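Heads up, the thing below is written out as structure tokens.
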Number of protein chains: 2
Amino acid sequence: MSSPSRRSTIVTLSKLAGVAPSTVTRALRGDTRISEKTRQRIAALAQEQGYTPNVLARTLSSGRSGLYGLILGPSSNPFYSELLHEATRQVESLGYRFLIIHAGSGPVEERTAEALLQYQVDGCLVSSAIQSSRVAEVCEKNAVPLVMVNRVALQHGCAVTCDNRAGGRDLARLLLESGRRKFAVVTTSSYSSTAQEREDAFVDELARAGLSLAHRYDGKSHYEGGYEAGLELAKLSGAQRPDAVFALSDIMAMGLLDALRLKGVAVPSDMAVVGFDGLPAAARPIYDLTTIEQPLTTMIERAFALLANRVATPSLPDETISLKGRLLIRGSSGG
Amino acid sequence: MSSPSRRSTIVTLSKLAGVAPSTVTRALRGDTRISEKTRQRIAALAQEQGYTPNVLARTLSSGRSGLYGLILGPSSNPFYSELLHEATRQVESLGYRFLIIHAGSGPVEERTAEALLQYQVDGCLVSSAIQSSRVAEVCEKNAVPLVMVNRVALQHGCAVTCDNRAGGRDLARLLLESGRRKFAVVTTSSYSSTAQEREDAFVDELARAGLSLAHRYDGKSHYEGGYEAGLELAKLSGAQRPDAVFALSDIMAMGLLDALRLKGVAVPSDMAVVGFDGLPAAARPIYDLTTIEQPLTTMIERAFALLANRVATPSLPDETISLKGRLLIRGSSGG
DNA sequence: TGGTCAAGTGCAAACGTTTGCACAGTTGTT
DNA sequence: AACAACTGTGCAAACGTTTGCACTTGACCA
């Protein structure tokens, strides 16, 4: 029952330095009750001995693990990959680490949710299109702060989202202002708060202009679904064919655009296409996609701020933050 | 200095059950020295009290954290996202968890590598196009098993790779057999063992047919680089223009194809294009890319087997496993 | 000279779980 | 009746770090 390599510990350093372990701990943590001379002497010794603190032991006594649990959405949407990388970059700079609780589709298994408790994570960041209700339950029951990114919290927890309604509205206005009059939406049949808000706002804005949605396709939240929708749209001709399509996510917009291209439908002259999310791939010349770019960096900053505040003060009430996205007007919408 | 929610512990269960904590531990772990009756009684009590073991405390005494460290490559290549999801799915089923050490480009910071020791990870899985030499050093020095996936280990550690040479060779043969005679390669200037092997094998096979590489472009390992290479290729005309291009990764092949499409170069009639990796996106009708599909699931299974063996037996020698990829012949190579 | 205060450090228990060794009770055998 | 073996469980220290409380020493003041 020993550490694999008999590494330096507080106790071994204390023996070498001729002081108590508590003195070593305090010296290394910069406690000014320990004299400057002693602090410097112990810091030098720790450096020389290659001491690395054991955070697991520290957690046992301090109650803080320095871990956040992470629940990540499916690989079929590159948005989650972008989110992972940005979140990981920020968590590192905060001096925290991510413990992956779950990644990908499907509900979170019971024992997976338990990992949050087993590893005593300080908080949990969820960005998953699937409702992680079991995770929310475990967090609530055990006073673990939880923040959802790009999802509205239906139960316990905070959330940071893009202002989906404002985005949907802005896109509708852009299309109306450029003269489009017949609209389609590529959405997702499985419940998604983000999709619902984006579509509702889009439709509401059309209604204000006395117009309505002519077609609605289930793009199933992935590229292939957008592609299928594009094939269906390409079959329409004449007055039936919409002159503008809103794909509720960039990944579906990309599928849609590829299908239209292969079927010879000219974008934007025959049909304008807009998306949502602001994936880097949306900027590619082949797509040139007009989209709402989610303020991902800021969303994640705010998410970590919510977590940090609730680690410090567990009784803070739940909070939802909505941040406005940025309309990126590119070639796919004309104008 | 208390647990956030005063959860059940071994000690609290032992008091309720009227037995010693060691009895509770042994009962919950199925030790048959504890009577069946006692084991059942304690299991029921644990269930009733909502007991969840604290793995951090367990690690302190057992020396096993149930954590693997993960170092992930950049988000600009979706291959790494695929790898993350598959690896996470497998690690869950093994009863382990991933601690994210690093994700994305750039060298791993000193304190980031130290996290491996701080959290007492049982092993480390690296899949990063950047040499993680500091991580390898920390692992070697502290007897932490390390396995690289899709990278040849240059220092301490094991590796599981796709047989890049066989793949490069197979692609060369395919192009030769379909009558192609003037070749280009889109590679990466920064050192990559995978790219080097793929290109070397491709060029060697051409040489065996008395042919050589006509053009070589630095695609910088990302979509945009492949796209730039495509623009350059499209500028060539007549006898100068290659009739076949090997992009050393699918992500570059996708950029290449998009550029060729926008410049009106017909694939595969004017120019055959092949890639490597087997990204799901390669199968999209818009790309229809002929590629070598890396056996990702098996590679990760083998990687975990290497880790598990070395957790159990730390002195096992380093090992490199090379697994043959699968040639997927699609429209982009003709025939 | 004695009392008080401040500075600097130590003691020891705790965090939650594990495990080597020990002990008690029961049963079987001589 | 005594002893040995077996079964079932307990003791207590340990893993590495933290921290509330305590102690010692020196300086200062009345």
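Values below: all heavy atoms of this structure, side chains included; hydrogens, waters and symmetry mates excluded. The shown structure was predicted, so the numbers you read here are calculated from the model rather than taken from an experiment.
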Which pairs would a plain distance check flag for residues 15-30 of chain A, meaning a side-chain donor or acceptor within less than 3.5 Å of a matching protein atom at least two apart in sequence or in another chain?
none

For nucleotides 20-25 of chain D, print each protein N/O atom paired with a nucleotide N/O atom at under 3.5 Å, atom names and distance only.
unit_1 : atom_1 : unit_2 : atom_2 : d
D/dG20 : N7     : A/R26  : NH2    : 3.4
D/dG20 : O6     : A/R26  : NH2    : 3.0

So if I take every side-chain heavy atom of B/T23 and compare against C/dG16, D/dG10, D/dT17, which nucleotide ends up nearest? D/dG10

Rounded to whole angstrom units, what separation is found between the CG atom of B/N54 and the C1' atom of C/dA14? 14 Å

Give A/V55 one of three labels, base, sugar-phosphate or nothing, depending on what nucleic acid heavy atoms sit under 4.0 Å from its own. nothing

When B/A57 and B/T32 are each assigned the nearest nucleotide of DNA chain D, the 5'-most assignment goes to B/T32

For the residue pair B/Q120 and A/N54, confirm or rule out a side-chain donor-acceptor distance under 3.5 Å. yes

Could you check whether the rings of A/Y68 and A/F98 sit parallel, tilted or perpendicular, using 30° and 60° as the cut-offs? tilted

By nearest atom, which of the nucleotides C/dT19, C/dT17, C/dG10 is closest to the B/I10 side chain? C/dT17

Looking at side-chain heavy atoms only, is the closest gap between A/T161 and A/I321 below 4.5 Å? no

So A/F79 and A/L296, side chain to side chain contact (heavy atoms under 4.5 Å, CB included) or not? Walk me through it. CA-CA 9 Å; A/F79 180 77; A/L296 191 56; 3.9 Å; yes

Picking from C/dT17, D/dT17, C/dT19, which would you name as closest to the side chain of B/S62? C/dT19

Tell me: CG of A/D31 to P of C/dT9, nearest whole Å? 10 Å

Looking at D/dT18, I'd like to know if its phosphate oxygens (OP1 or OP2) sit under 4.0 Å from a side-chain N or O belonging to A/T25. yes

Within the 4.5 Å heavy-atom criterion, are A/R39 and A/T32 side-chain neighbours or not? yes

Using whole Å, what does the distance between atom P of nucleotide C/dT17 and atom CZ of B/R29 come to? 11 Å

Does a side-chain heavy-atom distance below 4.5 Å link B/S75 with B/Y80? no

For a quick check of understanding: with a heavy-atom distance under 4.0 Å over all strands, which category does B/V24 fall into, base, sugar-phosphate or nothing? nothing

I need the full list of salt bridge (charged side-chain N to carboxylate O under 4.0 Å, His left out) pairs touching residues 40-60 of chain A, with sequence neighbours left out, sorted by first then second residue. none

Any side-chain N or O of B/Y119 under 4.0 Å from OP1/OP2 of D/dG16? no

Nearest to the side chain of A/L60, heavy atoms from C-beta on, is which of C/dT17, D/dT17, D/dG16? D/dG16

Between C/dT17 atom C1' and A/Q120 atom CD, what is the distance in whole Å? 13 Å

When you compare the side chain of A/E319 with that of A/R310, does any pair of heavy atoms fall below 4.5 Å? yes

To the nearest 10 degrees, what angle separates the axes at the start and end of the helix from C/dT1-D/dA30 to C/dT30-D/dA1, five pairs each? 70°

Taking the side chain of A/R58 as heavy atoms from C-beta outward, which of D/dT19, C/dG10, D/dT17 is closest to it? D/dT17

Taking atom P of D/dT17 as reference, at what distance in whole Å does atom CG of B/L56 sit? 14 Å

Quick one, which residues of residues 35-49 of chain A touch DNA chain D with a heavy atom under 4.0 Å? none

Whole angstrom value for the distance that separates P of C/dT18 from CG of B/L13: 12 Å

A/I34 CD1 - D/dT18 C1' separation (whole Å): 13 Å

Going by heavy atoms in the side chains, are B/E114 and B/V138 under 4.5 Å from each other? yes

Tell me, with the steps shown, if A/V147 and A/V126 meet side chain to side chain contact (heavy atoms under 4.5 Å, CB included). CA-CA 6 Å; A/V147 172; A/V126 179; over 6 Å; no

Would you say A/L67 and A/Y96 make side-chain contact, with heavy atoms under 4.5 Å? no

Send over the distance from B/R64 CZ to C/dT19 P, rounded to a whole Å. 11 Å

Pairing residues for A/R302 by the salt bridge (Lys or Arg N to Asp or Glu O under 4.0 Å) criterion, not counting sequence neighbours: none

